[in-house]
A.B. asks: 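Starting off with a structure, shown below.
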Amino acid sequence: MNLDAALQTFITESRELLEDMESALLGVRQVSDPGDSINAIFRAAHTIKGSAGLFGLDGIVHFTHVVESVLDRVREGSIAIDDALVTLLLECSDHIASQIESVAQAGNGDTDDLRARAQPLVQRLQQALGNHHAAAPAAATKAAASAPVAAHTADAAPDAVATDHWHISLRFSANVLRNGMDPLSFLRYLNKLGTIKSIVTLTDALPALAQMDPEASYLGFEIALQSDADKATIEGAFEFVLDDCSLCILPPHSRIGEYVSMIARDGEQPPRLGEILVRCGTLTPHELDAALATQQEAPAQQPIGEILIEQGSVQAVVVDAALKHQKQVKEHRTRETQSIRVDADKLDHLIDLVGELITASASANLAARRSRNVEVQEANSSLAGLVEALRDRALQLRMVKIGATFDRFRRVVHDVSREIGKHIELRVSGEDTELDKTVVEKIGDPLTHLVRNAMDHGIETADVRIARGKPAHGTVTLNAYHDSGSIVIEVSDDGGGLHRDRILAKAVERGLVEAGQTLSDREIYGLVFEPGFSTAEKITNLSGRGVGMDVVKRNIVALRGNVDIMSEAGVGTKVTLRLPLTLAIIDGFLVGLADSSFVIPLDMIEECIEFTAEANKEFTDLRGQVLPLIRLRDVFGMGRSSAARQSIVVIKHAGKRTGLVVDALLGEFQTVIKPLAKVFNQARCISGSTILGSGEVALILDAPALIQQAVHREGRRVLGAENSPGAAVGDAAVA
Amino acid sequence: MTRAGKRRPAKNAAPAAPAPLRLEGELSIYRAEEIRQALLAALAADGDVGIDLTDVSEVDTAGVQLLLAARASAATAGKTLRVTAMSPAVEEVLALFDLAPVFEATPA
């Protein structure tokens, strides 16, 4: 395998493992039995360490080693996992992540900067370990002293040995240390399952110092373990090392024959092993003699199957566990074959091509219509159907569930609530809602800001909450769902709500609204998205500096989305983000203005009606309701229309209706969105461009901006300000 | 302070024996070869070998193996290898392996 490719795999896998580690860390304090979470955390650190070793990334190996040592003690239960440790381990997982990113970017995970940043973490980890060291010998002595000597049960099989402890015979392969496993960890872990009554460390294989490979493993262990755990649990202790050791576990009161077969199996000198068993206290000398005698009496080897059957009764649990494990492995494999990993670049390229295909198909369609050849037209129409299906499928490929993004906020909430000293929970729903990967990537920052804002300003301090009769801990909720071609994401909190009057006062002070002007609640709350607007009485390092909400709005609008905020005093605040499902291809509606064509996103259009010209009127009557009008010709400075009939396209966005006056309705059009060049950055009311079947360029109208403009204009008219319809389009916008 | 207290009597009691080999920091697989060389050098010198493990912060199986091998090699050469002092970390690990009696800290 190409080393570069392997390194890429390592980086990708490490990122995933770190995500697992993080979510396990965040969950570990919530679950009643943290065993699985701790194992997941351990496995992540261990796997990263092992793989980093393969690539010689010493910085990562050293750091993860320390982390792993701590986790090891956590796993065996000698270090309790408390909030402080979770926080420390989260910081460590962050540090590993930055090491991995450094490898990804610079190929080096061991820069001076990283090493300097690792230093304080390592110190804290060692402190955690150190506390343990101090406590351990005392604990060990106590455990040894109090180890009960259980009596030999009377109903044991007649040839069962007197011992009442498990016997574990353990030989490690030479590579076990190099593979990053330390037999010590297993001994410590066994001590958690029970009490190691005695242990014999076998040094027979150890060569002279001059000849030894210091990184190879030479030791073997015979262990007598006093434990109430079942065999599956004890075997589970060695889960991580099963490939690297030969393991034999005999339950208490096993038949002598089983010890005999174990002695025979190991291929070591039987008397020697027998003596060790006696030294371990597993067998009495008398029992050993009997065993050796049995072995000699039956020169024909006892068939292994028979031994297995004999052991069958005690091993039922183990067999079950083994089968389950096997099944899991199989399921895991099937899942692997069901999904494949594809570079995002390849997908983007595919979607670009599908875009080109749609454009080409549109121009083929045009040509077919002109040819007036029925056969060509039919062929073309079935082709167009397929292209549309292909478009949907291709876009579907890039759809991801929003759950992964939401999960990242568990960490944000965890960290921030600690930082600001409030107890806040995150509740998440609608995780399965899908949206385009390109959109997901861009909503992270705005969402982070909203969540932080909710925690910092929304949720009250515990004493205020209790005084208001609310639960002491606050809740921030993230929710997502689909709504007519958009995805809606809600960030809500059960905090104090926005101060309507304070916002209004501030807006008047800043000159954003006139004193005495009547505004709806929605309009007032919407003011917080104005640049430089903050009503927080106290500025914290999280938010409240008046930068943020306007940036959130700008980011969301840049994605052709919009933001809305609703609040109820004392009950909470809900911010609703509405975003398009995709940024690549949309269903559009083509309209004509003079010689140019424009695209309006189809899912915003309510209806099309005839325009009955009344010069200079800025609104019309739509079935008894006032419909503000925007003459697109005015917006784009095209002069008066000479067309005999004009039409109104009624668009609706976020509950507001507006009529766009156009020259001609040209019908539905599959629109491949091409971004506008930087020159057009200043152009408002235009969100992109597309290429028509004829090869001409059509601009895509930014409907929310148009509506905004209409609303704004209404507002200004109320204020009596001068009305200049062309002002919305920047200088650079050329229709 | 403890270190100085333990070392001085060692020198006074057996002036012929060289000062004990002091191992510091991690006694682990990451430094295994370095430690092996240090132990080999100590064994190459005349007389019995003392090892001071007061400043060992961490020890793993590889470290224990090295100590065991050094002890066996010393015995083969007709010398005695003693651990003159050890840190709690070393004590804990040796206790787990039930090797404490083998390396009983004995001021030389």
A.B. asks: Please look at A:S185 and chain B and tell me whether the side chain, the backbone, both or neither of the residue comes under 4.5 angstrom of a heavy atom of that chain.
C.D. replies: neither

A.B. asks: Compare every heavy atom of A:P214 with every heavy atom of B:L66, then report the nearest pair and how far apart it is.
C.D. replies: CD2-CB, 4.1 Å

A.B. asks: Got a second to check how far B:S28's OG is from A:L177's CG, nearest 0.5 Å?
C.D. replies: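 Reported to 0.5 Å precision, the distance equals 10.5 Å.
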
A.B. asks: So A:R188 and B:V93, side-chain contact (heavy atoms from CB on, under 4.5 Å) or not? Walk me through it.
C.D. replies: CA-CA 9 Å; A:R188 290 205 174 98; B:V93 167; 3.6 Å; yes

A.B. asks: Nearest 0.5 Å, please: how far is CZ in A:R178 from CD1 in B:I29?
C.D. replies: 7.0 Å

A.B. asks: For a 4.5 angstrom cut-off between non-hydrogen side-chain atoms, does A:S217 reach B:T61?
C.D. replies: no

A.B. asks: Which atoms of A:N191 are under 4.5 Å from chain B, going by heavy atoms: the side chain, the backbone, both sets, or neither?
C.D. replies: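 It is the side chain, since no backbone atom gets that close.
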
A.B. asks: So what's closer than 4.5 Å to chain B heavy atoms on A:V176: side chain, backbone, both or neither?
C.D. replies: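 For A:V176, neither part sits under 4.5 Å from chain B.
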
A.B. asks: Which one wins on heavy-atom pair count under 4.5 Å against chain A: B:D98, B:V64, B:I35, B:L39?
C.D. replies: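 Top count of heavy-atom pairs under 4.5 Å with chain A: B:D98.
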
A.B. asks: Which atoms of A:L187 come close to chain B, meaning under 4.5 Å heavy atom to heavy atom: side chain ones, backbone ones, both, or neither?
C.D. replies: both

A.B. asks: Where on B:A70 is there a heavy atom nearer than 4.5 Å to chain A: the side chain, the backbone, both, or neither?
C.D. replies: both

A.B. asks: Is any side-chain heavy atom of B:E33 closer than 4.5 Å to a side-chain heavy atom of A:E215?
C.D. replies: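 Side chain of B:E33 against side chain of A:E215, heavy atoms only: no contact under 4.5 Å found.
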
A.B. asks: Check whether B:T76 gets within reach of chain A through its side chain, its backbone, both or neither, counting any heavy atom under 4.5 Å.
C.D. replies: neither

A.B. asks: Using 30° and 60° as the class limits, which term best fits the ring planes of B:Y30 and A:H65: parallel, tilted or perpendicular?
C.D. replies: perpendicular

A.B. asks: Please flag which part of A:F172 lies under 4.5 Å from any non-hydrogen atom of chain B: side chain, backbone, both or neither.
C.D. replies: neither

A.B. asks: If you measure from CZ on B:F97 to CD1 on A:I196, what distance do you get to the nearest 0.5 Å?
C.D. replies: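 Nearest 0.5 Å value for the CZ-CD1 distance: 9.5 Å.
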
A.B. asks: Are the side chains of A:L209 and B:R71 in touch, meaning some heavy atoms are under 4.5 Å apart?
C.D. replies: no

A.B. asks: For B:L43, which atoms come within 4.5 Å of any heavy atom of chain A: side chain, backbone, both, or neither?
C.D. replies: side chain

A.B. asks: Do A:I199 and B:L96 pass the side-chain contact (heavy atoms from CB on, under 4.5 Å) test, and can you show the C-alpha distance, the side-chain angles, and the key distance before you say yes or no?
C.D. replies: CA-CA 8 Å; A:I199 177 171; B:L96 255 174; over 6 Å; no

A.B. asks: State the CD-CE distance between B:Q65 and A:M212, to the nearest 0.5 angstrom.
C.D. replies: 5.0 Å

